[in-house]
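Atom set for the values below is all heavy atoms of this structure, side chains included, hydrogens, waters and symmetry mates excluded. Remember, predicted model here, so these are calculated numbers, not experimental data.
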Amino acid sequence: MELREIGEFGLIARIREKTPLPPPGLIRGIGDDAAISLITPGTQLVSTVDLLVEGVHFDLSFTSPLLLGRKSLAVNLSDIAAMGAKPSYALISLAVPPQTKVEFLDDFISGFLEMAEANGVSLIGGDTSSSPERLFIGVTLLGEGKKGELIWRSGAQPGDDLYVTGTLGDALLGLYLARKRKGIAISPAEAYLLDRHFNPTPRVQEGRSLGEKGLARAMIDLSDGLFSDLRHICEESKVGATVWVEQIPQSEPFRSLAPGYQLPTWRSALQGGEDYELLFSASPQRAAEIRQLARDWKCGLTCIGKIEPVSAGIAIRDERGPVDSTFLKGYDHFANP
Ligand code: ADP
Ligand code: MG
């Protein structure tokens with residue numbers, strides 16, 4: 001069945017039917033002109049939106065609708081996590097070609113709602129439009145955090161340790177694999193890397209616990225690549241940084257398969273986007289507390305460098321000394337071919 005057969009209101013009704021019972025704080029959800037929710041006294045509202053465009057962010061020839069639904073919320077959850085906040089409410093804007101299959105949209109919504117439920121998020125509304133050719137997915141996510149617990153990009157100080165969760169480069173290699181194999185894995189290592197690209201895990205609990213305990217001074221999520229996202233922290237905080245390339249955490253599947261793609265491993269780990277890990281800086285005095293906290297994190301945590309005075313710039317070093325990083329760049333929608 002195609003979307004044109006059920007129409008805009010048919011689609012909204014299907015989405016509404018699948019949406020679980022509203023949480024206590026939600027007064028009006030899908031079905032009114034706007035949603036109404038209670039505000040937790042003493043908290044600050046945290047809001048983010050991300051747009052996913054067919055042909056730019058995803059390719060329907062090798063993306064499953066369920067994973068696309070999961071990822072379209074995951075990328076927003078990652079931004080909320082990077083603020084040290086707790087996610088709460090989501091809105092979806094969809095622009096859909098009329099010949100899109102209803103089953104595709106059902107699976108998309110199922111994936112979205114799975115990711116929402118796993119992270120304590122309720123879908124409270126959205127907007128629906130037709131699109132002549134391509135699918136557009138805009139997700140707005142609201143969250144909250146206590147005053148003083150939210151973590152900005154601008155708080156890093158020279159002398160801070162620089163940490164990253166998980167492993168880097170997996171999502172980039174997963175994308176290479178997806179293009180080559182049309183998304184079908186032929187080994188567990190390939191399956192792992194494809195999953196890291198198509199089904200990223202936002203570090204929501206990790207980010208929030210850093211906020212609650214006041215352990216991080218600056219934080220960002222890695223969507224465009226370590227090199228590019230670190231530069232955002234440095235610019236906002238008016239600091240420099242050193243990254244030790246040998247310390248950058250890499251997964252076993254990444255190490256074993258990257259050479260086959262002529263991907264220099266450390267360079268991919270520095271430049272590869274979409275890992276959705278957290279990068280943060282913290283005072284060295286909090287190092288023991290951070291280690292203790294991270295013991296419960298399945299994704300792991302690695303110290304990869306230091307924050308330096310602004311005059312030092314951003315230096316990438318290996319054991320022999322500085323590495324030429326002038327050619328490194330992250331993903332830029334208008335600069336990349
Ligand atoms: P309006 O014309 O006032 O924008 P709509 O008919 O677009 O109202 O929306 C009706 C209700 O359905 C609203 O509560 C809106 O938030 C919700 N809604 C519309 N599209 C979506 C969607 N794609 N996902 C979730 N809720 C949606
Ligand atoms: Mg509308």
What are the two closest non-hydrogen atoms of [X] and [Y], and how far apart are they?
X    : Y    : result
F108 : L94  : CE2-CD2, 4.0 Å
L91  : G126 : CD2-N, 4.0 Å
L73  : A90  : CD1-CB, 4.3 Å
L230 : L279 : CA-CD2, 3.8 Å
A74  : P202 : O-CB, 3.6 Å
C303 : D161 : SG-CB, 4.0 Å

Could you tell me the separation between the [atom1] atom of [X] and the [atom2] atom of [Y], rounded to the nearest 0.5 Å?
X    : Y    : atom1 : atom2 : value
I39  : S88  : CD1   : OG    : 10.5 Å
S209 : L215 : OG    : CG    : 8.0 Å
Q157 : I307 : CD    : CD1   : 10.0 Å
I12  : I30  : CD1   : CD1   : 8.5 Å
L222 : Y276 : CG    : OH    : 10.0 Å
N199 : L194 : CG    : CG    : 11.0 Å

Please determine whether the number of non-hydrogen atoms from other residues, nucleotides or ligands lying under 6.0 Å from atom [atom1] of [X] exceeds 12.
X    : atom1 : value
K18  : NZ    : yes
E103 : CD    : yes
E133 : CD    : no
W152 : CH2   : no

Check whether [X] reaches the backbone of [Y] with its side chain - one donor and one acceptor, N or O, closer than 3.5 Å.
X    : Y    : result
S237 : A156 : yes
S256 : E252 : yes
H197 : A171 : yes
N119 : M115 : yes
T43  : T40  : yes
E236 : H232 : no
D275 : G169 : yes
S228 : D224 : no
D318 : R320 : yes
S283 : Q285 : yes

Student check: side-chain heavy atoms of [X] and [Y] closer than 4.5 Å:
X    : Y    : answer
W297 : L293 : yes
L141 : Y89  : no
P200 : K71  : yes
L270 : R267 : no
S268 : Y261 : no
L68  : L60  : yes
D160 : K306 : no
Q99  : L3   : no

Walk me through it: do S110 and D107 pass the test side chain to side chain donor-acceptor pair (under 3.5 Å)?
-> CA-CA 5 Å; S110 297; D107 288 350; 5.0 Å; no
Give a yes or no on whether [X] and [Y] share a hydrophobic cluster (residues Ile, Leu, Val, Met, Phe, Trp, Tyr; joining criterion: side-chain heavy atoms under 4.5 Å apart).
X    : Y    : value
L105 : F9   : yes
V75  : F198 : no
L113 : V96  : yes
L123 : L52  : yes
F112 : F58  : yes

Test log, rule side chain to side chain donor-acceptor pair (under 3.5 Å), inputs E206 and T165 | CA-CA 9 Å; E206 292 81 356; T165 60; over 6 Å; no
Indicate whether the side chain of T242 and that of E308 have a donor and an acceptor atom separated by less than 3.5 Å.
->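 Yes, side-chain donor-acceptor contact under 3.5 Å.
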For D170 and S251, test the side chains for any donor-to-acceptor distance below 3.5 angstrom and give the result as yes or no.
->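 Looking only at side-chain atoms, S251 and D170 do form a donor-acceptor pair, the distance falling under 3.5 Å.
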Option passing side chain to side chain donor-acceptor pair (under 3.5 Å) with E289 (candidates R291, Q292, R286) = R286
When you look at D221 and S223, which way does the side chain to side chain donor-acceptor pair (under 3.5 Å) test go after all the steps?
-> CA-CA 6 Å; D221 70 313; S223 53; 4.6 Å; no
Would you call E2-R4 a salt bridge at under 4.0 Å N-O?
->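 Salt bridge between E2 and R4, a charged N being under 4.0 Å from a carboxylate O: yes.
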N-O pairing of R196 and E277 below 4.0 Å | yes
Residues R14, D106; criterion side-chain contact (heavy atoms from CB on, under 4.5 Å); working and verdict = CA-CA 8 Å; R14 280 175 104 87; D106 283 344; 2.8 Å; yes
Can you list the steps and then say if L278 with M219 is a side-chain contact (heavy atoms from CB on, under 4.5 Å)?
-> CA-CA 7 Å; L278 295 174; M219 185 149 67; 4.1 Å; yes
Please walk me through it: do Q44 and E144 pass side-chain contact (heavy atoms from CB on, under 4.5 Å)?
-> CA-CA 5 Å; Q44 295 182 332; E144 60 179 49; over 6 Å; no
Walk me through it: do L301 and F280 pass the test side-chain contact (heavy atoms from CB on, under 4.5 Å)?
-> CA-CA 11 Å; L301 181 72; F280 65 91; 3.6 Å; yes
